[in-house]
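Basis for what follows: all heavy atoms, side chains included, without hydrogens, waters or symmetry-related copies. Note that this is a predicted model, so its numbers are computed, not measured.
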Amino acid sequence: MVLNNKNKNSAKRLFSEAIDIGIGFKLQDAVSKKHITDEDIERIICNLPHAGISVKNILRDFKKDILPFCTNFSSRNFLGFPDAGNSIAALEGGILSDFLQQNLINQSFCAPAATFVEIAVLQWLREIVGYKKQKPKDIWEVGGIITPGGTVSNSVAMMLARENKEPGTLERGVVDPKSYQVIVPKGIGHYSVKSGQMWIGCGNNLLEVETNDFRYDLKKLKHTLLENKGKIMALVAYAGDSRTMTVDNLNAIADLVHAIDPKIWLHADACHGFSLGFSQKLRYKIKGIEKFDSISMDPHKVMLVPYTLSVLLVKNSENMKKITSMSDLIMQEQFAFGQITPFLGSKPWSSLKLWFMMKNFGKKGLDELITKRHNLAVYLADKLGKDSDFKVLNRVEINSVAFFYTGVDKSQIDEINYVNKEIHKKILNEGKFHLHQFSIPDIGLFKKGDVVYPLRFMCGNPNVTTKNIDDMVEYIRSIGRKIKRRK
Ligand SMILES: Cc1ncc(COP(=O)(O)O)c(C=O)c1O
């Protein structure tokens, strides 16, 4: 059961079987092979066996009872999210990080070299968004942390904003939640900002500002800033909102906020959009992001890295002192990440996956990856734009195309919403392709402000070709026609 010198060869065979399963799975065309039923779930939530089972037999049962229902994010037909997790180098890093069991809470005894790999990765990422890159003398000069996801990264950013607004809240607690308001763009934000604000005791205090084409309406933003002056702790802007991947006017927002109230913490949720920094052609879109106090980024979404790996960068690294945890358990040593990573104690070496990936692609490979992915989305948007059966909701900013199957009837929004929801249900049931769906206010394609339910293409997988996209379009058309006929 436990690795030793006697069983190492049979263990190797078992590991290699797991790798075979993983490779076969990642390369299968189906998004999922079977749709899970109540009986399948019943079989999975079983009693723990009294006597242990061999790994060989567990693998046999796993292949039968679990694997067929798993969703393959790296299928060439998985076109709803970019989280393909199929970089060979990143997978290699993932395997090694599990084997090596370094704990990034402390440096000296449990992550002597791993800590510096993490620091290197954070400095590479600082560079691509235009933050100062440095060789830190201690943890207070690192200027970033690795977290388990964008939700945590955004929540930590809110905590930094809180301490910036009312220093010492960490110690004292929140007195008047109304003085910790957060400005967000209405209808397009990610829930993690609101949740983060509530998790850190600041209550549900969002100030939602109207948008134009999925960006802040700057006039209305100015009005909100002036009207609530003194009560705002943060403004959140998206470099790639979760739905359409629109990048906001980061420069203009930063300048406006600084002119009205320079004490407001500016946070850029760039979980997707930071990737544009790798592309010489597209980098201009995130200009101004370097003026923001903090930036969240999700390599596990956009850099082909297996889950989970998110990053929060802080422009002025000293700010991490405002939310530090001090204990004799978390060694007060020069480079202990435990001191600057809220919510986490023991911390896996996730950054190793990204370290392998970034070294493997290099600056040139990363540039190609991000630019090509954008071009693929432009291909789809152009194609749909010329096709009278479809309507496209957004301009391609990063890699997302939100669209509707409209068929012949292009005006009845209820009917179009119905048909597109039915198409989405059918896609999920069949498991052949994957597209995402969400609700969003219409920009005026049908009727401005009405809630619409587009299908959303968003892809990051370099294996996807225009042929996969063409097939997907015909697949949607054929489902759409049938649904219309049935009505
Ligand atoms: C813009 C944005 N921010 C934050 C998040 C949260 O990221 P995670 O799922 O890694 O917690 C998401 C997830 O989709 C997102 O799209």
Side-chain angles (χ1 to χ4, degrees), residues 79-83 184-190 208-218 236-250 252-253 268-276 279 281-282 284-286 298 301-302 370-406 410-411 413 416-417 419-421 423-424 427 434-460 464 466 469 472-473 476 480:
L79 303 174
F81 293 93
D83 330 19
V184 293
K186 190 172 177 183
I188 57 164
H190 189 265
E208 294 187 304
V209 173
E210 296 293 337
T211 57
N212 280 329
D213 294 350
F214 314 116
R215 293 187 175 90
Y216 276 113
D217 176 327
L218 291 174
V236 179
Y238 288 87
D241 71 275
S242 309
R243 295 163 179 84
T244 65
M245 291 293 120
T246 303
V247 181
D248 218 319
N249 298 307
L250 301 173
I253 292 168
D269 180 336
C271 280
H272 295 266
F274 79 99
S275 58
L276 297 176
S279 164
K281 183 176 148 201
L282 304 171
Y284 74 94
K285 288 173 185 270
I286 55 167
D298 267 6
K301 296 194 202 309
V302 299
I370 303 305
T371 311
K372 274 193 186 163
R373 151 185 317 181
H374 171 81
N375 293 345
L376 203 64
V378 171
Y379 169 83
L380 173 63
D382 286 351
K383 181 181 169 81
L384 295 176
K386 289 184 209 131
D387 190 322
S388 59
D389 275 347
F390 293 92
K391 271 195 178 209
V392 177
L393 183 68
N394 66 308
R395 276 182 53 134
V396 175
E397 285 275 314
I398 306 178
N399 57 342
S400 161
V401 184
F403 66 94
F404 303 88
Y405 172 79
T406 54
K410 305 205 177 333
S411 54
I413 188 63
I416 289 168
N417 277 341
V419 171
N420 284 279
K421 281 192 207 167
I423 293 174
H424 190 243
I427 299 174
H434 186 89
L435 291 170
H436 188 44
Q437 186 163 60
F438 47 75
S439 64
I440 193 163
D442 182 17
I443 50 161
L445 204 57
F446 305 102
K447 187 157 169 252
K448 192 168 163 63
D450 273 9
V451 176
V452 287
Y453 293 85
L455 298 164
R456 200 275 309 277
F457 163 93
M458 177 157 59
C459 179
V464 175
T466 51
I469 289 182
M472 178 273 288
V473 171
I476 301 297

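In this model, a donor atom of one side chain and an acceptor atom of the other lie less than 3.5 Å apart for T371 and S279. N399 and K372 share no donor-acceptor pair across their side chains, judged by distance under 3.5 Å alone.
F404 does not carry K391 over the face of its six-membered ring by the limits of under 6.0 Å from the centre and within 45° of the normal. Taking the ring axis of Y238 as reference, the NZ or CZ atom of R243 does not stay both within 45° of it and closer than 6.0 Å to the ring centre.
Between the side chain of D241 and the backbone N or O of V247, no donor-acceptor pair lies under 3.5 Å. Checking side-chain atoms of H424 against main-chain N and O of L435 turns up a donor-acceptor pair under 3.5 Å. Distance alone, capped at 3.5 Å, places no donor-acceptor pair between the D387 side chain and the K383 backbone. When atom types are taken as modelled, the side chain of E210 and the backbone of Y216 share no donor-acceptor pair closer than 3.5 angstrom. Counting only distance, with no hydrogens or angles, the side chain of N249 and the backbone of I253 share no donor-acceptor pair below 3.5 Å. When atom types are taken as modelled, the side chain of D442 and the backbone of V452 share no donor-acceptor pair closer than 3.5 angstrom. Side-chain atoms of D248 do not come within 3.5 Å of backbone N or O of L250 as any donor-acceptor pair. Put simply, the side chain of R395 never gets that close to the backbone of D213: no donor and acceptor are under 3.5 Å apart. A donor-acceptor distance shorter than 3.5 angstrom exists from the side chain of R456 to the backbone of G80, with no hydrogens or angles considered. Of the possible donor and acceptor atoms, one in the side chain of T406 sits under 3.5 Å from a partner among the backbone N and O of D389.
Here the CG atom belonging to N212 is positioned 4.5 Å from the CG atom belonging to D217, to the nearest 0.5 angstrom. Note: I188 CD1 to E208 CD = 10.5 Å, rounded to the nearest 0.5 Å. Note that the SG atom of C459 and the CG atom of L376 stand 5.5 Å from one another [nearest 0.5 Å]. Remark: I443 CD1 to T244 OG1 distance equals 9.0 Å, nearest 0.5 Å. Between the OG atom of S242 and the CD1 atom of I440 there is a distance of 9.5 Å, given to the nearest 0.5 Å. The distance from the CG atom of L79 to the NE2 atom of H434 is 9.0 Å, given to the nearest 0.5 Å.
Looking only at side-chain heavy atoms (C-beta outward), T246 and T211 stay at 4.5 Å or farther from each other.
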query = Given V396 and M245, is the side-chain contact (heavy atoms from CB on, under 4.5 Å) satisfied, shown in steps?
reply = CA-CA 8 Å; V396 175; M245 291 293 120; over 6 Å; no
task = Determine, stepwise, if the pair L276 / H374 fulfils side-chain contact (heavy atoms from CB on, under 4.5 Å).
result = CA-CA 9 Å; L276 297 176; H374 171 81; 5.6 Å; no
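Taking the six-membered ring where tryptophan is involved, the planes of Y405 and F390 are perpendicular, since the angle between them exceeds 60° and thus also 30°.
Across all their heavy atoms, P441 and G187 have their closest contact at CD-O, 4.0 Å. Here the closest non-hydrogen pair linking S275 and I398 is OG-CG2, 4.4 Å. Here the closest heavy-atom approach between residue V392 and residue L384 is recorded as CG2-CB, 3.6 Å.
Atom NZ of K186 sits in a sparse spot, with 12 or fewer heavy atoms from other residues, nucleotides or ligands closer than 6.0 Å. Heavy atoms of other residues, nucleotides or ligands lying less than 6.0 angstrom from NZ of K447 number 12 at most.
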